Amino acid sequence: MTYQEKKRTAFLGLPWTFTIYTITDEIITVNSGFLNKTENDCYLYKVIDVRLETSLLERIFGLGTIHCFSSDVTHPDLRIQHIRKAKEIKDYILHQSEEARLKRKTLNTQSLDGNPMTGMMGRTDSCD
């Protein structure tokens with residue numbers, strides 16, 4: 001399945017921007033720009049967590065913003081802004097990212113205290 005959405009203005013939800021989001025089974029692609037075009041990709045197996053935000057204005061016009069937290073170097077917080085069907089796309093990304101990790105047999109370790117610098121057993125590794 002493939003989703004392709006245009007970034008829209010928060011006011012009236014009109015697609016007046018030059019940003020297109022394409023989400024496939026394996027990759028998220030962000031194409032932006034009019035004169036200077038930029039294409040940025042993020043593999044779904046790198047997506048760690050997904051969050052959906054909808055402001056009052058977005059809810060009025062049926063839009064939402066998805067935050068994809070990933071281990072990608074260029075976009076650790078990849079934002080898919082002001083799109084339609086945001087809840088459906090967020091659920092799809094969450095499900096497909098888990099499928100992609102299982103398919104690639106990628107191990108995702110988590111820090112239980114919320115500090116990414118903490119090593120195993122609650123110790124921090126230092127290079128003093």
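Owing to the predicted nature of the structure, the values given are computational and were not obtained by experimental measurement.
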Are Ser70 and Ile48 close enough, and set up right, to give a side-chain contact (heavy atoms from CB on, under 4.5 Å), and what steps lead you there? CA-CA 5 Å; Ser70 70; Ile48 299 166; 5.5 Å; no
Which atom names give the shortest non-hydrogen contact between Leu63 and Thr9, and what distance separates them? CD1-O, 3.6 Å
Euclidean distance, Gln96 CD relative to Ile23 CD1, rounded to 0.5 Å: 11.5 Å
Decide whether Ile89 and Met1 are clustered together by the hydrophobic rule: side chain heavy atoms of Ile, Leu, Val, Met, Phe, Trp, Tyr closer than 4.5 Å, transitively. yes
side-chain contact (heavy atoms from CB on, under 4.5 Å) involving Asp49 - partner list, sequence neighbours excluded: Phe69
Do you know the tightest heavy-atom contact between Cys42 and Val47? SG-CG2, 4.3 Å
Quick one: pull up OG1 in Thr19 and CZ in Arg79 and give me the separation to the nearest 0.5 Å. 13.5 Å
Could you tell me the separation between the CG atom of Leu94 and the CZ atom of Arg51, rounded to the nearest 0.5 Å? 13.5 Å
If a pair satisfies salt bridge (charged side-chain N to carboxylate O under 4.0 Å, His left out) and one of its residues is in residues 22-33, list it, with sequence neighbours excluded. Glu26-Lys103
Quick one: OG on Ser97 to NZ on Lys46, what's the gap to the nearest 0.5 Å? 14.0 Å
With sequence neighbours excluded, residues passing salt bridge (charged side-chain N to carboxylate O under 4.0 Å, His left out) with Glu99: none
Measure across Ala86 and Ile66 and return the closest heavy-atom pair with its distance rounded to 0.1 Å. O-CD1, 3.4 Å
Do NZ/NE/NH1/NH2 and the carboxylate oxygens of Glu88 and Lys90 come within less than 4.0 Å? no
What ring-ring contact (aromatic ring centres under 6.0 Å, His included) pairs are there with at least one residue in residues 76-103, not counting sequence neighbours? Tyr3-Tyr92
Output all residues satisfying salt bridge (charged side-chain N to carboxylate O under 4.0 Å, His left out) with Arg104, sequence neighbours left out; order by chain, then residue number. none
Starting from the C-alpha separation in whole Å, work towards a yes-or-no answer on side-chain contact (heavy atoms from CB on, under 4.5 Å) for Thr74 and Asn40. CA-CA 8 Å; Thr74 57; Asn40 189 13; 3.3 Å; yes
Applying side-chain hydrogen bond (donor to acceptor under 3.5 Å, both in side chains), name anything that partners Thr65, two or more places apart in sequence or on another chain. Glu58
For Leu56, side-chain contact (heavy atoms from CB on, under 4.5 Å) partners two or more places apart: Arg59, Ile60
In chain order, what residues pass the side-chain hydrogen bond (donor to acceptor under 3.5 Å, both in side chains) check against Thr2, with sequence neighbours excluded? none
Which ring-ring contact (aromatic ring centres under 6.0 Å, His included) pairs, counting each pair once, include a residue from residues 35-68, with sequence neighbours left out? Tyr43-Tyr45
Please, which pairs that meet salt bridge (charged side-chain N to carboxylate O under 4.0 Å, His left out) have at least one residue in residues 5-16, sequence neighbours excluded? Glu5-Arg84
Indicate every side-chain donor-acceptor pair of residues 27-36 with a distance under 3.5 Å to a residue at least two apart or in another chain.
residue, atom, partner, partner atom, Å
Thr29, OG1, Asp41, OD1, 2.8

Ile93-Leu52 co-clustered via ILVMFWY side chain contacts under 4.5 Å: yes
Under the salt bridge (charged side-chain N to carboxylate O under 4.0 Å, His left out) rule, collect the residues that match up with Glu98, sequence neighbours excluded. Arg101
